[in-house]
2 protein chains.
Amino acid sequence: MTRRKADELDPRERLLQTAQRLFGEQGIHATGIDRIIAEAGVAKMTLYKHFAGKDELVVAALRRKHEVFREFFRAIVESRQEPRGRLLAVFEAQERWFARPDFRGCYFLNAAAELPEANCAARRAVAEHKLWVLGQFQELCRGVGAPEPDRLADELMLLFEGAIARAYVTGDATAARAARRAAAALLEADLPAHRA
Amino acid sequence: MTRRKADELDPRERLLQTAQRLFGEQGIHATGIDRIIAEAGVAKMTLYKHFAGKDELVVAALRRKHEVFREFFRAIVESRQEPRGRLLAVFEAQERWFARPDFRGCYFLNAAAELPEANCAARRAVAEHKLWVLGQFQELCRGVGAPEPDRLADELMLLFEGAIARAYVTGDATAARAARRAAAALLEADLPAHRA
DNA sequence: CAATAAATATACAGACCTGTCTATTCCACA
DNA sequence: TGTGGAATAGACAGGTCTGTATATTTATTG
């Protein structure tokens with residue numbers, strides 16, 4: 001086993017982080033292997049020793065990004081106590097996200113847009129991610145006591161995804177506020193008792 | 001002036017149609033000039049005589065697709081008489097669209113996903129398209145007599161866009177039905193008089 | 001028919017792409 | 001201090017990319 005100098009990361013780790021960042025910033029096809037290894041400070045052979053090829057690196061980057069997203073999502077949800085607040089916090093976090101200068105839409109949807117083959121490993125990773133998010137919405141909807149939580153989750157997630165697309169294309173961060181308002185209205189419609 | 005044999009299209013037209021199709025099927029970066037001219041049956045020099053370069057061809061393809069979309073949208077809206085039906089018809093058309101085997105998400109959003117430079121001509125064309133769609137939703141919302149048509153239009157369009165993203169990523173065409181249901185609920189919330 | 005403009009075929013430059021090969025250097029650990 | 005596995009540098013193959021140059025053919029119009 002090779003041990004690192006403790007202050008610098010594993011070459012594999014540097015590759016993953018750099019690839020994840022560049023794929024997001026520039027897109028997958030626009031990001032060449034040479035650029036990735038240069039910015040990661042890693043030799044080309046090291047990349048091909050850790051990953052079979054670019055495709056595998058793309059999948060690994062997607063999975064890594066999913067982990068990051070997961071942590072983010074959990075932190076946002078757990079920042080609130082009451083079920084309704086937990087749900088709406090997701091939309092409130094969107095607005096801060098959209099306002100970031102490095103915001104470039106949905107990492108996963110952007111990747112899927114570049115990959116026409118519906119059944120490739122990367123596209124499957126994207127689908128898995130979205131289904132995980134849907135699962136979170138379903139849990140949140142059960143939390144608020146919705147009579148049909150899965151249906152409501154479908155609808156709320158449409159708002160969530162739509163806001164990302166809208167904010168990216170038109171640069172309008174207030175899409176998040178529209179999504180939040182609509183989400184509250186749908187909640188209201190399903191749970192008239194919770195009228196605040 | 002050069003006149004055509006009447007049964008075959010202008011080279012420029014063949015280029016535009018082929019480019020529009022291939023960009024949609026495979027993505028922009030994945031579609032090479034050589035492939036476009038080969039499938040269009042046009043010489044390379046002809047392409048560069050009509051377009052300054054690939055970027056300009058991309059913009060032209062986006063504008064052309066926008067024209068096609070516009071016709072589609074208008075036809076759907078005008079297929080109904082009553083204002084509420086006109087609005088909901090948009091979501092009903094989505095389901096048929098999503099079920100098509102060549103469905104590959106939003107042409108414009110996919111293009112934007114590949115183009116990180118927010119202010120390039122192609123990205124501006126994408127934004128223009130989305131704003132046109134938003135304008136249509138606003139008009140439809142005014143048609144149903146919504147008290148705040150622009151706000152409602154924002155919300156309905158989030159559902160519309162979200163459904164496209166969802167259907168593309170997970171391959172689930174029923175996203176359109178969830179969008180339609182949520183749209184009806186939001187309408188209901190704003191127009192309780194129209195309860196049917 | 002002759003003149004003109006458009007479109008064609010073909011080759012090519014120069015850059016970039018993924019992936020491979022070889023030889024060397026580094027570094028932890030025995 | 002020596003050894004072995006990991007990482008390195010750098011060249012290279014073979015393909016593809018955009019865009020240009022040149023010379024030829026086609027079709028239309030006066």
Side-chain angles (χ1 to χ4, degrees), chain A residues 1-62 111 114-117 120-122, chain B residues 1-62 111 114-117 120-122:
Chain A
M1 278 289 183
T2 310
R3 229 172 265 172
R4 294 271 116 214
K5 274 192 245 152
D7 62 326
E8 67 179 20
L9 292 163
D10 219 301
R12 187 177 204 277
E13 199 59 25
R14 291 203 306 267
L15 277 171
L16 261 179
Q17 289 186 5
T18 308
Q20 181 200 326
R21 179 174 54 80
L22 289 175
F23 288 152
E25 286 173 4
Q26 319 186 320
I28 293 170
H29 283 128
T31 302
I33 290 290
D34 288 341
R35 175 87 184 264
I36 295 171
I37 60 171
E39 293 205 16
V42 159
K44 191 178 262 190
M45 277 315 293
T46 306
L47 188 157
Y48 284 100
K49 207 159 283 178
H50 285 287
F51 304 94
K54 191 184 180 182
D55 290 356
E56 202 172 292
L57 184 59
V58 168
V59 175
L62 283 165
E114 287 200 63
L115 305 169
E117 202 187 331
C120 69
Chain B
M1 277 292 180
T2 310
R3 229 173 264 170
R4 295 269 117 214
K5 273 191 246 154
D7 62 327
E8 67 181 20
L9 291 163
D10 220 304
R12 186 176 204 277
E13 200 58 27
R14 292 205 304 268
L15 277 171
L16 261 179
Q17 288 186 6
T18 309
Q20 180 200 326
R21 179 174 54 80
L22 290 175
F23 288 152
E25 286 174 5
Q26 318 185 322
I28 294 171
H29 283 128
T31 302
I33 291 289
D34 288 342
R35 175 87 185 265
I36 295 171
I37 60 172
E39 293 205 16
V42 159
K44 191 178 261 190
M45 279 313 295
T46 306
L47 187 157
Y48 284 100
K49 205 159 285 178
H50 285 287
F51 303 95
K54 191 184 181 182
D55 290 356
E56 203 172 292
L57 185 59
V58 168
V59 175
L62 283 165
E114 287 200 63
L115 305 168
E117 202 185 333
C120 68

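Residue numbers begin at 1 in each chain, while the letters A, B, ... track the order of the sequences.
Remark: C1' of dA9(C) and NZ of Lys49(B) are 13 Å apart, rounded to the nearest angstrom. The separation between Leu15(A) atom CG and dA6(D) atom P is 16 Å, rounded to whole Å. Atom CZ in Phe51(B) sits roughly 11 Å away from atom P in dA7(C) (whole-Å rounding). Following rounding to the nearest Å, Ile37(B) (CD1) and dT16(D) (P) show an atom-to-atom distance of 14 Å. Counting to the nearest Å, the C1' atom of dA6(C) and the CZ atom of Arg14(B) are 12 Å from each other.
Pairing each heavy atom of Ala122(B) with each of Val59(B), the nearest pair is N-CG2, 3.6 Å.
Here the side chain of Lys54(A) pairs a donor or acceptor atom with the backbone of Ile28(A) at under 3.5 angstrom. Under the 3.5 Å distance criterion, the side-chain polar atoms of Arg14(B) are matched with a main-chain donor or acceptor of Gly41(B). Not one N or O on the side chain of Thr31(B) forms a donor-acceptor pair closer than 3.5 Å with the backbone of Gln26(B). Judged by distance alone, the side chain of Glu114(A) and the main-chain N or O of Glu114(B) form no donor-acceptor pair under 3.5 Å.
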Which pairs, protein N/O on one side and nucleotides 17-24 of chain C N/O on the other, fall under 3.5 Å?
| residue | atom | partner | partner atom | Å |
| --- | --- | --- | --- | --- |
| dT18(C) | OP1 | Lys54(A) | NZ | 3.0 |
| dT18(C) | OP2 | Ile33(A) | N | 2.6 |
| dG19(C) | OP2 | Tyr48(A) | OH | 3.2 |
| dG19(C) | OP2 | Lys54(A) | N | 3.0 |
| dG19(C) | N7 | Lys44(A) | NZ | 3.1 |
| dG19(C) | O6 | Lys44(A) | NZ | 2.6 |

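Under the 4.0 Å criterion applied to side-chain N and carboxylate O atoms, Glu39(A) and Arg21(A) are assigned as salt-bridge partners.
Here the side chain of His50(B) is nearest to one of dT8(C), dT8(D), dA7(C), namely dA7(C).
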